[in-house]
**Q** 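Take a look at this one; I'll ask things after.
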Protein chains: 2
Amino acid sequence: MSSNDTCPVCRTAEIVCGKWTLLVIRDLAEGRSRFCELERSLHGISPRTLSLRLRALEEEGIVERQTFPEVPPRVEYALTDKGRALVPLIEDMRAYGIQWLAVDCIDEDGADETTAAADGEPVAEREPAIAAV
Amino acid sequence: MSSNDTCPVCRTAEIVCGKWTLLVIRDLAEGRSRFCELERSLHGISPRTLSLRLRALEEEGIVERQTFPEVPPRVEYALTDKGRALVPLIEDMRAYGIQWLAVDCIDEDGADETTAAADGEPVAEREPAIAAV
DNA sequence: CGCAATGCTTCACGAACTGAAGTAAGCGGC
DNA sequence: GCCGCTTACTTCAGTTCGTGAAGCATTGCG
């Protein structure tokens, strides 16, 4: 598309850089599987965007969609191997967030967030894997 | 803003998910430092977007900007520690791209140094269950 | 003087994302 | 029978984001 298509970083970036994509994958990795579960977990996502993301991800072979002909209709989404292979990436992002973006619960004070962390000092040491969200 | 601000994944995602952001960081990590170098390397990026990205990244404390009062005026951008900490993430993306998006890394710009140099952990060449899409 | 180079900014346009609302299909309550 | 509830979406209008072309400011060179 826009940049070098032969570059694996670019190609991964194109998958990953949609606005909610990574978060959808994270939620799927954490066991959420249904549309409305994702919708509630990712609070703020519009159903259109979620629908678009899931469909794109399905087309990429990153998620699998399974419909159950029940009432009310049930649809479950799950990561494929190709999707699960993105989990380390997400864990890296979590580690980065913890190390360099470390704000535990407070963000809406605004203004100063950059000066706090931008001075070149990591805020926490590396925490392994799955944290409670 | 959109989702849970207490989640480190979300906060990292917000930094990383701008359309060219990761690629800008990669180029910076590979040694490119000037506006027009980046502009040419990321062919297809609009100067406005590059300018926006660089400024946002600077405000995040991820890149440092240094101006030289020469003629023509020179400006150099470089990653801070906080920015360099994102390189493993990019390497993960490269590994993912190579494993699952099955295109070899052909960076004709001589960008190959990182693949060679950043090989602290060898990219395991697993068999990607060949996605014939 | 006119042109070139660098590092932007401005502009108009189209693509992407948003929030609210609507749709379909059937179950349970009244 | 009719109403409302649920799920998994789709549609719509509106806002924000990214694009490509062009412009601006500086000043050294021919």
Side-chain angles (χ1 to χ4, degrees), chain A residues 1-5 10-11 13-28 31-60 63-79, chain B residues 1-5 10-11 13-28 31-60 63-79:
Chain A
M1 196 193 299
S2 20
S3 66
N4 189 352
D5 277 333
C10 308
R11 290 163 53 81
E14 266 166 39
I15 290 174
V16 137
C17 281
K19 188 164 186 204
W20 293 89
T21 313
L22 240 7
L23 268 8
V24 170
I25 293 167
R26 181 205 55 178
D27 271 24
L28 253 14
R32 274 172 274 274
S33 58
R34 308 199 32 195
F35 194 92
C36 65
E37 265 183 304
L38 295 166
E39 199 175 1
R40 274 190 288 264
S41 167
L42 273 30
H43 72 275
I45 196 173
S46 70
R48 177 176 144 81
T49 304
L50 181 53
S51 179
L52 250 29
R53 286 295 169 274
L54 287 169
R55 191 164 307 134
L57 254 15
E58 197 191 349
E59 263 166 40
E60 286 286 347
V63 319
E64 265 172 346
R65 187 187 134 108
Q66 217 186 338
T67 61
F68 299 84
E70 298 173 2
V71 167
R74 186 158 59 98
V75 181
E76 294 200 346
Y77 298 90
L79 293 179
Chain B
M1 301 300 162
S2 14
S3 65
N4 189 352
D5 278 332
C10 306
R11 283 188 289 115
E14 265 166 38
I15 289 174
V16 136
C17 282
K19 189 164 182 200
W20 292 90
T21 312
L22 241 7
L23 268 8
V24 169
I25 293 167
R26 182 205 55 177
D27 271 24
L28 252 15
R32 275 173 272 274
S33 57
R34 307 194 38 190
F35 193 93
C36 65
E37 264 184 304
L38 295 166
E39 199 175 0
R40 275 190 286 266
S41 168
L42 273 31
H43 73 276
I45 196 174
S46 70
R48 176 178 144 81
T49 304
L50 181 52
S51 180
L52 250 30
R53 288 296 170 272
L54 253 9
R55 191 165 308 132
L57 255 15
E58 197 192 348
E59 263 165 41
E60 286 285 346
V63 319
E64 265 173 346
R65 185 187 133 108
Q66 218 187 336
T67 60
F68 300 86
E70 297 172 2
V71 168
R74 185 157 60 97
V75 182
E76 293 200 344
Y77 297 91
L79 294 179

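All figures in this text were calculated on a predicted structure; none of them were measured in a lab. Quick note on labels: first sequence line is chain A, next is B, and so on, each numbered from 1.
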**Q** Supply the atom-to-atom distance L57(B) CG to L52(B) CG, rounded to the nearest 0.5 angstrom.
**A** 11.0 Å

**Q** To the nearest 10 degrees, how far apart in direction are the end axes of the helix from dC1(C)-dG30(D) to dC30(C)-dG1(D), each fit to five base pairs?
**A** 20°

**Q** Could you tell me how far apart L52(B) (CG) and dG7(C) (P) are, to the nearest whole angstrom?
**A** 17 Å

**Q** Nearest-Å distance, CZ (R40(B)) to P (dC8(C))?
**A** 14 Å

**Q** Please pick, from dC9(D), dG7(C), dA22(D), the nucleotide with the shortest atom-to-atom distance to any side-chain atom of V75(B).
**A** dG7(C)

**Q** Looking only at N and O atoms, is any donor in the side chain of R48(A) or the base of dT10(D) less than 3.5 Å from an acceptor on the other one?
**A** no

**Q** Do any N or O atoms of the protein come closer than 3.5 Å to N or O atoms of nucleotides 26-30 of chain D, and which pairs are they?
**A**
none

**Q** So, is K19(B) close to the dT19(D) phosphate, meaning a side-chain N or O under 4.0 Å from OP1 or OP2?
**A** yes

**Q** Tell me whether the OP1 or OP2 atom of dC9(D) has a side-chain N or O from R65(A) closer than 4.0 Å.
**A** yes

**Q** Please state how far atom CD1 in I45(A) lies from atom P in dC9(D), giving the value in whole angstrom units.
**A** 13 Å

**Q** Quick one: pull up OG1 in T21(A) and CD1 in I15(A) and give me the separation to the nearest 0.5 Å.
**A** 9.5 Å

**Q** Please report, rounded to the nearest Å, how far the C1' atom of dC17(C) is from the CG atom of L23(A).
**A** 15 Å

**Q** With sugar-phosphate meaning primed atoms plus P, OP1 and OP2, does Y77(A) contact a base, only sugar-phosphate, or nothing at under 4.0 Å between heavy atoms?
**A** sugar-phosphate

**Q** Could you check how far CZ of R55(A) sits from P of dC9(D), rounded to whole Å?
**A** 7 Å

**Q** So, OP1 or OP2 of dG7(C): does either fall under 4.0 Å of a side-chain N or O from R34(B)?
**A** yes

**Q** Quick one: is dC17(D) close enough that its OP1 or OP2 comes under 4.0 Å of any side-chain N or O from R53(B)?
**A** no

**Q** Just how far, in rounded Å, is C1' of dT6(C) from CG of L38(B)?
**A** 13 Å

**Q** Write down the distance between CD (E58(B)) and P (dG7(C)), rounded to a whole number of angstrom.
**A** 14 Å

**Q** OP1 or OP2 of dT19(D) less than 4.0 angstrom from a side-chain nitrogen or oxygen of T49(B), does that happen here?
**A** yes

**Q** To the nearest 0.5 Å, tell me how far L54(B) CG sits from L38(B) CG.
**A** 6.0 Å

**Q** How about T49(A) and R53(A): does a side-chain donor come under 3.5 Å of a side-chain acceptor?
**A** no

**Q** Using heavy atoms to find the nearest nucleotide of DNA chain D for E37(A) and S46(B) separately, return the residue whose nucleotide is more 5′.
**A** E37(A)

**Q** Separation of F35(A) atom CZ from dT6(D) atom C1', in whole Å?
**A** 14 Å

**Q** Can you find a side chain N or O atom of S51(B) that sits less than 4.0 Å from OP1 or OP2 on dT9(C)?
**A** yes

**Q** Between atom CD of E59(B) and atom CZ of R55(B), what is the distance when rounded to the nearest 0.5 Å?
**A** 8.0 Å

